[in-house]
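Only a predicted model underlies this, so the values are computations on that prediction, with no experimental measurement involved.
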Amino acid sequence: MTNDDRIKLEASWKQALRDEFEKPYMGELRDFLRQEHAAGKEIYPPGPLIFNALNSTPLDNVKVVILGQDPYHGPNQAHGLCFSVQPGVPAPPSLVNIYKELKRDLNIDIPNHGYLQSWADQGVLMLNTTLTVERANAASHAGKGWQHFTDKIIETVSAHQPHLVFLLWGAHAQSKKKLIDASKHLILTAVHPSPLSAYKGFLGCGHFGLANKFLEQNGLAPIEWRLPPVV
């Protein structure tokens with residue numbers, strides 16, 4: 001049994017990323033996570049949700065890619081989709097600014113929750129470049145190996161799909177631009193939606209409308225950015 005046989009991963013991604021699970025960095029990453037758990041540290045998101053971005057959005061279904069950096073590190077927040085929080089958890093400040101821009105851009109009313117699963121279900125790959133974090137310790141798992149895995153995901157989806165929209169918000173996301181084939185995809189950049197920077201150009205960027213326009217021009221259904229209520 002190879003390592004990847006134990007990974008619960010959507011079939012198209014599992015096939016595309018199969019070789020990554022055998023690479024030395026992945027073994028080191030697994031050992032690191034095991035040691036953290038053994039030391040009693042609380043790791044987010046919960047194990048079954050670490051690959052939620054991939055499991056929610058099969059490779060053939062990807063239309064838009066949103067890159068985040070690090071999972072949220074508060075209890076019950078992270079569920080494997082960047083910027084999204086689990087139902088019942090208030091929307092964090094960056095997500096509030098994303099909602100403000102949606103309201104300004106497409107006149108979509110601001111929802112009363114922060115659960116973005118419906119975007120992922122429609123083809124928005126919501127990928128953090130680091131997939132785990134220790135509770136209350138931001139960026140604690142950065143540089144531990146996830147970056148190699150998520151770089152491979154970005155390269156794979158760029159090569160596989162013909163007309164994607166990449167939303168790169170902030171310097172970290174923009175550092176991944178070199179992995180993307182700009183000759184066939186639309187790459188939209190802005191400052192991060194964090195309250196520290198959103199007023200410097202995120203608010204007013206119009207990315208949601210531009211993304212849908214590009215999709216429609218290429219014969220693809222637009223994303224319904226309006227979120228359904230969480231029951």
Side-chain angles (χ1 to χ4, degrees), residues 45 49 52-57 61-72 74 76-129 154 157 161 163-174 176-177 180 185-231:
L49 294 176
N52 192 26
L54 302 178
N55 290 332
S56 297
T57 313
N61 295 6
V62 180
K63 297 177 177 178
V64 178
V65 180
I66 300 178
L67 289 184
Q69 188 163 356
D70 206 31
Y72 294 122
N76 304 315
Q77 288 183 305
H79 67 110
L81 304 182
C82 68
F83 294 106
S84 180
V85 289
Q86 303 202 54
V89 177
S94 292
L95 183 52
V96 170
N97 284 330
I98 289 171
Y99 288 165
K100 286 179 183 172
E101 177 54 21
L102 269 171
K103 175 68 175 169
R104 190 210 62 79
D105 187 13
L106 300 175
N107 198 31
I108 288 174
D109 289 337
I110 293 176
N112 63 357
H113 64 84
Y115 188 57
L116 307 182
Q117 185 70 42
S118 78
W119 293 358
D121 295 341
Q122 294 177 73
V124 183
L125 179 63
M126 306 183 65
L127 184 68
N128 280 313
T129 56
I154 297 164
V157 76
Q161 294 292 76
H163 307 293
L164 295 174
V165 183
F166 285 84
L167 303 182
L168 307 183
W169 300 331
H172 177 78
Q174 288 162 30
K176 304 298 181 179
K177 215 170 170 179
I180 301 164
H185 303 306
L186 177 63
I187 302 173
L188 298 173
T189 61
V191 295
H192 196 276
S194 154
L196 300 173
S197 56
Y199 62 92
K200 297 178 183 172
F202 178 80
L203 298 172
C205 70
H207 282 184
F208 302 99
L210 289 169
N212 276 352
K213 186 177 175 189
F214 180 82
L215 293 174
E216 289 180 300
Q217 284 170 344
N218 287 287
L220 297 166
I223 303 298
E224 174 52 85
W225 297 107
R226 190 183 310 274
L227 291 162
V230 168
V231 181

What about His79 and Tyr115, are their ring centers closer than 6.0 Å? yes
Residues which pass salt bridge (Lys or Arg N to Asp or Glu O under 4.0 Å) with Arg226, listed by chain and number, not counting sequence neighbours: none
Are His113 and Tyr99 an aromatic pair, judged by ring center distance below 6.0 Å? no
Is any side-chain heavy atom of Ile66 closer than 4.5 Å to a side-chain heavy atom of Leu125? no
What distance do Leu210 atom CG and Leu186 atom CG have between them, rounded to the nearest 0.5 Å? 7.0 Å
Rounded to the nearest 0.5 Å, the CG atom of Leu81 sits from the CG atom of Leu127 at a distance of 10.0 Å
Once rounded to the nearest 0.5 Å, what's the spacing between atom SG of Cys82 and atom CG of Asn128? 5.5 Å
Contact between His172 and Asp70 at the side-chain level, heavy atoms closer than 4.5 Å - yes or no? no
With Trp119 via ring pair (Phe, Tyr, Trp, His ring centres under 6.0 Å) - residues at least two apart: Trp225
Can you find a pair of side-chain heavy atoms, one from Ile154 and one from Val65, that are under 4.5 Å apart? no
Begin with the C-alpha distance, continue with both residues' side-chain angles, and end with the deciding distance and a verdict on side-chain contact (heavy atoms from CB on, under 4.5 Å) for Leu164 and Val64. CA-CA 6 Å; Leu164 295 174; Val64 178; over 6 Å; no
Answer yes or no: is there a side-chain heavy-atom contact under 4.5 Å between Val85 and Tyr72? yes
Has Gln161 got a side-chain atom pairing as donor or acceptor with Lys63's backbone, closer than 3.5 angstrom? no
For residues Cys205 and Ala190, report the shortest heavy-atom separation together with the two atoms involved. CB-CB, 4.2 Å
Tell me, which pairs form a salt bridge (charged side-chain N to carboxylate O under 4.0 Å, His left out) where one or both residues lie in residues 110-122, sequence neighbours left out? none
For the pair Asn61 (side chain) and Thr57 (backbone), establish whether a donor and an acceptor sit closer than 3.5 Å, ignoring hydrogens and angles. no
Would you mind listing every salt bridge (charged side-chain N to carboxylate O under 4.0 Å, His left out) that reaches into residues 104-114, with sequence neighbours excluded? Glu101-Arg104, Lys103-Asp109
Under 3.5 Å, is there a donor-acceptor pair between the side chain of Asn212 and the main chain of Ile223? yes
Verify, without hydrogens or angle tests, whether Ser197 (side chain) and Val191 (backbone) share a donor-acceptor contact under 3.5 angstrom. no
Can you list everything that forms a ring pair (Phe, Tyr, Trp, His ring centres under 6.0 Å) with Phe202? Sequence neighbours excluded, please. Trp169
Side chains of Leu215 and His163: closer than 4.5 Å at any heavy-atom pair? no
Using the side-chain contact (heavy atoms from CB on, under 4.5 Å) rule, take Phe208 and Val165 through it: C-alpha gap first, then chi angles, then the decisive distance, then the call. CA-CA 10 Å; Phe208 302 99; Val165 183; over 6 Å; no
Can you tell me how far the CG atom of Leu220 sits from the CG atom of Asn218, to the nearest 0.5 Å? 6.5 Å
Sorted by chain and number, sequence neighbours left out, salt bridge (Lys or Arg N to Asp or Glu O under 4.0 Å) with Lys200 holds for none
Note, Leu102 side chain near Asn107 side chain (heavy atom, < 4.5 Å): no
Over all heavy atoms of both residues, which pair between Ala78 and Pro45 is shortest? Give the atoms and the distance, please. O-CB, 3.6 Å
If we only count heavy atoms from C-beta on, is the Gln86 to Gln77 side-chain gap below 4.5 Å? no
Start with the C-alpha distance between Phe83 and His192, add both sets of side-chain angles, then the distance that settles ring pair (Phe, Tyr, Trp, His ring centres under 6.0 Å), and finish with yes or no. CA-CA 11 Å; Phe83 294 106; His192 196 276; 5.7 Å; yes
Show your working on side-chain contact (heavy atoms from CB on, under 4.5 Å) between Leu168 and Ile187 and close with a plain yes or no. CA-CA 7 Å; Leu168 307 183; Ile187 302 173; 3.6 Å; yes
Check step by step if side-chain hydrogen bond (donor to acceptor under 3.5 Å, both in side chains) holds for Gln117 and Ser56. CA-CA 8 Å; Gln117 185 70 42; Ser56 297; 2.8 Å; yes
Closest non-hydrogen atoms of Gly209 and Leu106, given as atom of the first, atom of the second and distance, are CA-CD2, 3.8 Å
Hey, are the side chains of Pro195 and Ser94 touching, using non-hydrogen atoms and a 4.5 Å cut-off? yes
Verdict with supporting geometry, Met126 and Leu116, side-chain contact (heavy atoms from CB on, under 4.5 Å): CA-CA 9 Å; Met126 306 183 65; Leu116 307 182; 3.4 Å; yes
